[in-house]
Amino acid sequence: MNLYKHVSEAINDKLGFAAKLEVPRNRDFGDFSTNAAMVMAKSAGKNPRELATEIASKLAELPFVSDTSIAGPGFINIKIKDEFIWNAAENAAQVEPSSKPQTIDLDYGAYNVAKSLHIGHLRTSIVGDTFNRIAKLLGHRTYSWNHMGDWGKPMALIIAWIERMHPELPYFRDDFDPKTPVDFEIDPAELNTYYPAASKYAKENPEFQSHAQEIKARFQDGHTGYFALYEKFLAISLDMMRDTVNRLNILPFDYDLGERNAAKYLPAVEEILRKQNLIQESDGAQIIVVRKDSDNAPMPPYMWTDSRGADTYDSTDLAAVYCRKLTDNPDKIIYFTDMRQSLHFEQLFRAADISGIFDYANFEHIGYGTINGADGRPFKTRDGNAAGLDDIIDAVNAAVAARVRDAEKSLDQATVDMIALAALKFNDLLHDVRSDYVFDPTAVTSFEGRTGPYILYTAVRLNSVLKRAPDAGTAQMSILSPDERNLLIGILDFERTVHSAFENRATDMVANYAYDLCQLINTFYHNCPILRDDVSPQDRAQRLYIARAARDTLARAIDLMGLRIPEEM
Ligand code: ARG
């Protein structure tokens with residue numbers, strides 16, 4: 001239950017105006033406070049303390065309020081009845097769906113065919129997935145789109161590279177018959193080396209470069225041989241992407257459809273654009289002007305085709321919007337990419353808006369910051385190369401394994417993997433998506449502090465107590481100790497957190513909530529023994545009830561972050 005909302009609405013009803021509720025850090029004087037008396041005093045023609053006394057006595061009449069008091073120049077403190085908190089915790093982890101469910105297309109992941117995933121794909125995957133889970137929990141209809149880079153120059157470079165190694169293959173003939181059986185297999189381990197090798201080679205060999213450009217144009221025109229070869233490496237690449245999705249424990253995408261799929265819609269979109277005279281010629285390229293008179297910053301035109309007539313990242317992105325409109329008819333489309341693509345998205349949103357394809361106001365771009373190393377520069381592997389996603393996961397796994405060894409624990413590989421994943425994802429989610437952060441594989445695996453392992457450890461410990469506990473029957477509340485009370489109130493803040501995380505597009509709220517909840521759980525655990533022999537049956541039943549509510553809530557938060565709780569740690 002959303003305690004804050006419940007209390008806030010009841011107070012507003014009672015007073016007949018909206019009083020802003022605060023949650024004080026220190027709960028000694030109240031669970032909530034409001035400065036309503038100070039805000040209203042002037043218009044009411046009263047002094048603030050006097051008005052506070054009046055308001056406080058009204059609030060004291062509310063059925064869930066146990067006590068009110070006045071502090072300072074007119075702050076009102078409100079304390080909630082233990083009884084009420086206790087009963088509310090019964091369905092602690094339940095979240096009421098949004099009153100305005102929306103259909104939302106989420107564009108994240110967006111991996112590239114035959115290019116290894118790099119560190120930049122980490123945040124889009126983790127943040128996009130958690131946002132998706134939050135939206136679903138709140139009853140929104142979401143569709144996740146893996147808008148793959150599967151249509152551009154890299155495809156042509158890879159085809160050209162394979163041609164260079166195996167010119168005898170029939171794929172490169174213009175009369176290639178797609179039914180021809182070809183005895184040729186691509187080694188998956190090698191595939192990811194083709195693009196970097198080919199693009200390096202192209203830089204040094206203009207001939208190869210222009211040949212690749214030709215291939216791109218013919219490929220996009222449907223050259224049968226190039227296509228057959230492309231289908232081969234696409235399949236391998238898709239398998240690799242799915243591996244990553246599994247490894248990161250993110251939900252499977254609703255659509256693995258990217259630029260190539262979008263390209264099918266280019267003619268329809270072009271017709272819409274031409275009808276409105278929105279396409280102009282400029283130095284051989286076809287462009288859409290998206291500048292407005294009010295712009296202060298440079299706003300280059302949106303490229304419909306490049307000077308060679310090829311489809312572009314821009315054109316396929318606009319076509320993808322059109323496709324989504326036909327497929328899901330979403331209320332909103334939200335993109336999760338590196339902040340450095342902000343200009344591209346601003347242009348896209350304008351192009352879609354002026355052509356009437358999709359309203360500017362219903363687009364959002366969540367641009368994230370960079371993951372840096374200790375030196376404050378983009379994180380690199382030890383040998384100085386740009387880190388691949390697998391390098392990162394491996395580094396974190398090794399750091400967890402080392403810790404487990406040092407602590408002389410023996411944990412199986414599956415458990416080590418779960419801890420490493422939690423370390424990596426939690427650390428990512430913890431930071432405001434818009435800011436850069438420093439990634440230190442050792443620090444994120446600590447079992448203490450704001451880390452994934454600390455969160456899992458708390459959950460494992462609760463699970464183990466609950467598993468060992470005798471059936472205590474239905475618990476009745478007697479007196480709540482401050483630690484029990486604080487924990488219950490923390491639990492009752494979960495629902496509000498999820499709603500705010502959604503509204504503010506701030507997945508870090510869930511991560512920080514999970515940490516705060518774990519702090520409350522561990523204080524409770526420390527001060528309120530449950531299974532010890534000298535604990536009375538009443539206290540034990542009461543504490544088990546609280547522990548269960550805490551566990552259910554924490555497990556929900558952990559699930560939203562796409563982490564898995566191991567059996568032991
Ligand atoms: N594939 C691109 C990359 O790896 C990201 C695509 C993001 N989505 C989009 N609709 N443009 O950088």
Side-chain angles (χ1 to χ4, degrees), residues 1-44 46-92 96 477-500 509 512-524 526-528 542-543 545-546 549-550 553:
M1 95 111 65
N2 187 338
L3 181 64
Y4 180 92
K5 184 163 171 249
H6 182 90
V7 171
S8 172
E9 285 175 356
I11 288 182
N12 293 347
D13 266 6
K14 182 86 186 169
L15 298 179
F17 62 84
K20 176 136 182 43
L21 268 199
E22 304 286 344
V23 183
R25 272 255 148 229
N26 175 353
R27 293 192 181 276
D28 289 352
F29 303 105
D31 301 309
F32 298 99
S33 70
T34 176
N35 64 0
M38 285 138 84
V39 174
M40 302 295 283
K42 205 158 181 201
S43 61
K46 292 186 175 150
N47 95 37
R49 271 207 75 106
E50 194 189 324
L51 184 60
T53 316
E54 273 173 38
I55 293 180
S57 65
K58 266 199 203 163
L59 296 185
E61 290 164 14
L62 288 167
F64 54 80
V65 170
S66 67
D67 192 18
T68 57
S69 61
I70 296 164
F75 287 104
I76 304 165
N77 291 315
I78 302 149
K79 210 155 177 89
I80 307 298
K81 276 186 185 149
D82 288 1
E83 198 75 33
F84 184 82
I85 294 170
W86 172 268
N87 290 332
E90 175 91 48
N91 301 312
E96 223 178 274
M477 187 196 85
S478 74
I479 294 161
L480 292 180
S481 72
D483 294 320
E484 292 172 312
R485 206 170 179 284
N486 286 342
L487 176 53
L488 284 171
I489 289 188
I491 290 168
L492 296 176
D493 207 28
F494 175 66
E495 183 169 349
R496 175 168 79 118
T497 305
V498 179
H499 279 278
S500 313
M509 285 183 171
N512 281 296
Y513 171 83
Y515 174 75
D516 292 343
L517 184 65
C518 286
Q519 292 284 79
L520 294 170
I521 291 171
N522 287 318
T523 307
F524 160 79
H526 189 257
N527 296 339
C528 311
Q542 174 166 317
R543 290 169 188 174
Y545 171 90
I546 298 170
T553 308

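Source: prediction; values computed, not measured. The residues of the chain are indexed from 1 along the displayed sequence.
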Point to revise | Gln519 CD to Asn486 CG distance, which is reported to the nearest 0.5 Å | key: 12.5 Å

Point to revise | For the student: nearest non-hydrogen atoms of Phe524 and Glu484, plus distance | key: CE1-CG, 3.8 Å

Check your understanding: CE/Met40 to CG/Asn35 distance, rounded to the nearest 0.5 angstrom?
Key -> 11.5 Å

Check your understanding: Nearest 0.5 Å, what's the CG-CG distance between Asp483 and Asn522?
Key -> 11.5 Å

Review point. At their closest point, which heavy atom of Asn12 faces which heavy atom of Ala18, and how far apart are they?
Key: OD1-CA, 3.5 Å

**Study point:** side chain to side chain contact (heavy atoms under 4.5 Å, CB included) partner of Leu488, chosen from Leu3, Asp82, Ile546
**Key:** Ile546

Practice item. Give the C-alpha distance, both sets of side-chain angles, the deciding distance and a yes or no for side chain to side chain contact (heavy atoms under 4.5 Å, CB included) between Glu54 and Leu51. Key: CA-CA 5 Å; Glu54 273 173 38; Leu51 184 60; 3.9 Å; yes

Exercise for review: Looking only at non-hydrogen atoms, find the nearest pair between Cys528 and Ser481 and report the distance.
Suggested key: SG-OG, 3.9 Å

Check your understanding: When rounded to the nearest 0.5 angstrom, what distance separates CZ in Arg27 from CG in Asn77?
Key -> 11.5 Å

Point to revise | Sub-4.5 Å side-chain heavy-atom contact between Leu480 and Gln542 | key: yes

Point to revise | Lys14 atom NZ, over 12 foreign heavy atoms within 6.0 Å | key: yes

Practice item. Please check if atom CZ in Phe29 has more than 12 non-hydrogen atoms from other residues, nucleotides or ligands closer than 6.0 Å. Key: no

Review point. Are Ile11 and Ile78 close enough, and set up right, to give a side chain to side chain contact (heavy atoms under 4.5 Å, CB included), and what steps lead you there?
Key: CA-CA 10 Å; Ile11 288 182; Ile78 302 149; 3.7 Å; yes

**Study point:** Test: Lys5 and Glu495 ion pair at under 4.0 Å
**Key:** no

Exercise for review: Kindly assign one of parallel, tilted or perpendicular to the pair Tyr545 and Trp86, based on the angle between their ring planes and the thresholds 30° and 60°.
Suggested key: parallel

Point to revise | Nearest-0.5 Å distance that lies between atom CZ in Arg485 and atom CG in Leu487 | key: 12.0 Å

Review point. Per the side chain to side chain contact (heavy atoms under 4.5 Å, CB included) rule, which among Ile491, Asp493, Asn512 passes with Leu517?
Key: Ile491

**Study point:** Derivation and outcome, side chain to side chain contact (heavy atoms under 4.5 Å, CB included), residues Arg49 and Ile70
**Key:** CA-CA 8 Å; Arg49 271 207 75 106; Ile70 296 164; 3.8 Å; yes

Check your understanding: Does the side chain to side chain contact (heavy atoms under 4.5 Å, CB included) test come out yes or no for Ile80 and Phe32, once each step is laid out?
Key -> CA-CA 8 Å; Ile80 307 298; Phe32 298 99; 3.9 Å; yes

Review point. What is the distance from atom CD of Glu96 to atom CG of Asn91, rounded to the nearest 0.5 Å?
Key: 11.5 Å

Check your understanding: Can you find a pair of side-chain heavy atoms, one from His6 and one from Phe84, that are under 4.5 Å apart?
Key -> yes

